[in-house]
Amino acid sequence: MKKLGLLLAATIVFIFAAQPVAAQEQRINSSWTVATVSGQGQPRGYVEYQKYCSVCHSEGVGKPGTMALQAKYKGAVPALLEKRTDLTAALVKTYVRNGITVMPFFRKTEISDAELDAIAAYLTRNNKQ
Amino acid sequence: MRVPPGVTPGDFADAIKQFEAAVGKDWVFTSDEDVDLYRDSYSPFWHEDEEPIPSAAVAPDGVEQVQAVVKIANAHKIPLWTISTGKNLGYGGSAPLLGGSVMLDLKRMDRIIEVNEKNHYALVEPGVSYFDLYRYIQEKGLKVWIDPADPGWGSPIGNAVDRGGGRTPMRDHFDAHCGMEIVLANGDIMRTGMGALPGSKTWQQYRYGFGPYVDGMFSQSNFGVVTKMGFWLFPEPEAYLTGTVTVAKHDDLIPMVATLAYLMNSGIVTGTTSVGSPLTFARQDPALAALYAKPGGPSTQELEQYAQGKNVGYWSIELPFYGPAKVVAAQWEHAKEKFSAIAGVKFQEGATRRFPMDPKDLQQFPTSVAVGIPNLSVFGVGGARSEGHVWFSPIIPMTGEAVIEAQQVFADAYREMGMAMGPLFFLGPTSNYPRCFLVLFGFPIEHDVEKNKKNRENFKHLIRVAAEHGWGEYRTHTAFMETVMDTYSFNNHALLRFHETVKDAVDPNGTLSPGKCGIWPKHLRKARA
């Protein structure tokens, strides 16, 4: 009986997978990305950075964070935050919780303290000890 | 601890305990450090006592918790200010209008309840962002488009109830909604349209239900807290084609916009476009810069001569077309036929995009909101040193005459105020809404008290100048809501008096978002002159 139940459940899953007509209630792991961030084998900070920061601070067109840092430092330090080796965890947290120029500050319902700790650790991973 | 106005510290402490019991201690914020994160990043009141700073924030995780929070606030006469994702930057951000309000932060309510590919709709909670909804649709492989606002971290619900706009055929976001769930000030829960019928099968398919249609009363209002909302989605089209129309002379704008209005009102052009000018983008040319530097600026004739000499045209419009490839090609051909009545008109066809789009193409497509893909590239608009902005955003008729008149009126007003403005608008006029143009002026925010004070005065002056010419704002920053509402004054403010009658009936204690759009509860209402 248990096996039959599993079989039925598998069939139902198959039918829904094959015919994506109406997708039902799902909690969203909220982020500002157009694709799900795959973080396999990556530190948590990498994942959180891709979820919350990369939309403005990554390579490519239309990235206001990278553009602003390029304009500010004119290449003296990398415009890409992930390539910086001079950031401190305290500085990263200050910018996220206080904002800077057009970048707003972020509430704890958006980026939690634990997520911010992970982002700060990620952005300081390459610093010389 | 900060305390809401008119509430004793003891009552507030009691309410906080009850909020904690309702949503969990972790989701009630009372320290200055946490609550300051609810200030407006682009506040025009930086470093001034006038800045409305909240007293606390509560973040419920479901409609039952919203009901509980609203009941507690109502019982203690505590003002709440509701935010969804809290990213309404330029229009108030995540801050209240009334200092000391408790923020009702709905970010944790991030459930996507349904996305239906067969009838093309979604039902979501307020904490869902455009990014979230887009990603969900992609993960499920559903052939539907969302219509994001320019900043993709906004909430479809928050943006729609503030009557924001986008760019695709579903660009009028409030118009694209179908069905709401609302928590009222007494904690009661109500569903609108077909949602009022228990077990309804058409909540997201037929808007009106039965009896008076009340959904509009929960947009730009403080009559309830919207906890669910349905949206019609656009079936993924086969193709997207853009074609640019350029005309040579200043006065060509009149037949040009008349043709655009015909094409839009006929359903041939169904997306957002804007009237632009190659002369805006040619300012780095020293010859043009010298013309603009002349006292009083260049004459129309001089600009026409410059445009002719450089062969760039005076005005241009990029038309978007959505649909089957053969249809969009035919629509563009028809548009060209219509515009060909203007002597000297030129056409340039852009690339046709096919869907689903190759991710490699997507990377190079910064204006992707036009094809339903959210991003944040709009934050580059003010330049690298910008500290934020507020938007002055009047609605004008969709006619060339109105554009020319508005250009003259606002240029004169800017000159009078001693502010720099080019000969053309900052952004727009754009067709985010049917049958009219939206004009957007960005006012810079600075961490300079005197400059912000002056900018606020100028902003209010522009509101009044616009109203004198019959143009009203479609939406505004919390700092200017009263001033804007004051211009909607037909018959001794009959509309506002009606809103106040409703407010007194549905929220007699003034719990929900006091002051929103100039609607104050009775005990905070000023005597009208």
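Residue numbers start from 1 in every chain, and the chains themselves are labelled A, B, ... in the order their sequence lines are given, proteins ahead of strands.
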Do A:Q24 and B:K140 have side-chain N/O donor and acceptor atoms under 3.5 Å apart?
no
So which heavy atom on B:R135 is nearest to which on A:T33, and how close?
NH1-O, 3.1 Å
For chain A, which of B:A59, B:A122, B:G86 has the most heavy-atom pairs under 4.5 Å?
B:G86
Which region of B:Y134, side chain (C-beta onward) or backbone (N, CA, C, O), has a non-hydrogen atom less than 4.5 Å from a non-hydrogen atom of chain A, or is it both or neither?
side chain
Give, as side chain, backbone, both or neither, the part of B:Y42 having an atom under 4.5 angstrom from any heavy atom of chain A.
side chain
Rounded to the nearest 0.5 Å, the NZ atom of A:K108 sits from the OH atom of B:Y38 at a distance of 10.0 Å
Can you name the nearest heavy-atom pair linking A:R107 to B:S94, along with the distance?
NH1-CB, 4.0 Å
Nearest heavy-atom approach of A:P64 to B:G380 is CB-N, 3.7 Å
Closest non-hydrogen atom pair between B:Y136 and A:A23, with its separation
OH-CB, 2.9 Å
Salt bridge (charged side-chain N to carboxylate O under 4.0 Å, His left out) assessment of B:D132 paired with A:R27
CA-CA 10 Å; B:D132 295 333; A:R27 259 212 107 103; over 6 Å; no
Proximal component of B:D36, with respect to chain A [non-hydrogen, under 4.5 Å]:
backbone
Is there side-chain contact between B:W27 and A:T109, with heavy atoms separated by less than 4.5 Å?
yes
Need one label for B:E114: side chain, backbone, both or neither, based on atoms under 4.5 Å from any heavy atom in chain A.
both
Atom group of B:F29 that falls short of 4.5 Å from chain A, counting heavy atoms
side chain
B:L376 versus chain A, heavy atoms under 4.5 Å apart: side chain, backbone, both or neither?
both
Where does B:E33 contact chain A at under 4.5 Å (heavy atoms): side chain, backbone, both or neither?
side chain
Interface moiety of B:I83 toward chain A, non-hydrogen atoms closer than 4.5 Å
side chain
Rounded at 0.5 Å granularity, tell me how far CG in B:N375 sits from CH2 in A:W32.
14.5 Å
Minimum side-chain heavy-atom gap B:F379-A:M103 below 4.5 Å:
no
Pick whichever of B:M109, B:E139, B:R108 has the most heavy-atom pairs under 4.5 Å with chain A.
B:E139
Shortest non-hydrogen contact from A:P104 toward B:W153:
CG-CH2, 3.8 Å
Heaviest contributor of heavy-atom pairs below 4.5 Å to chain B, chosen from A:A35, A:S31, A:C56, is A:S31
Mind ranking B:I137, B:I445, B:D61 by heavy-atom pairs under 4.5 Å with chain A and telling me who comes out on top?
B:D61
Residues 92-100 of chain A, side-chain donor-acceptor partners within the protein, below 3.5 Å, at least two apart:
unit_1 : atom_1 : unit_2 : atom_2 : d
A:K93  : NZ     : A:D117 : OD1    : 2.8
A:T94  : OG1    : A:A90  : O      : 2.8
A:R97  : NH1    : A:F106 : O      : 2.8
A:R97  : NH1    : A:I111 : O      : 3.1
A:R97  : NH2    : A:I111 : O      : 2.8
A:R97  : NH2    : A:D113 : OD1    : 3.1
A:N98  : ND2    : A:T94  : O      : 3.0

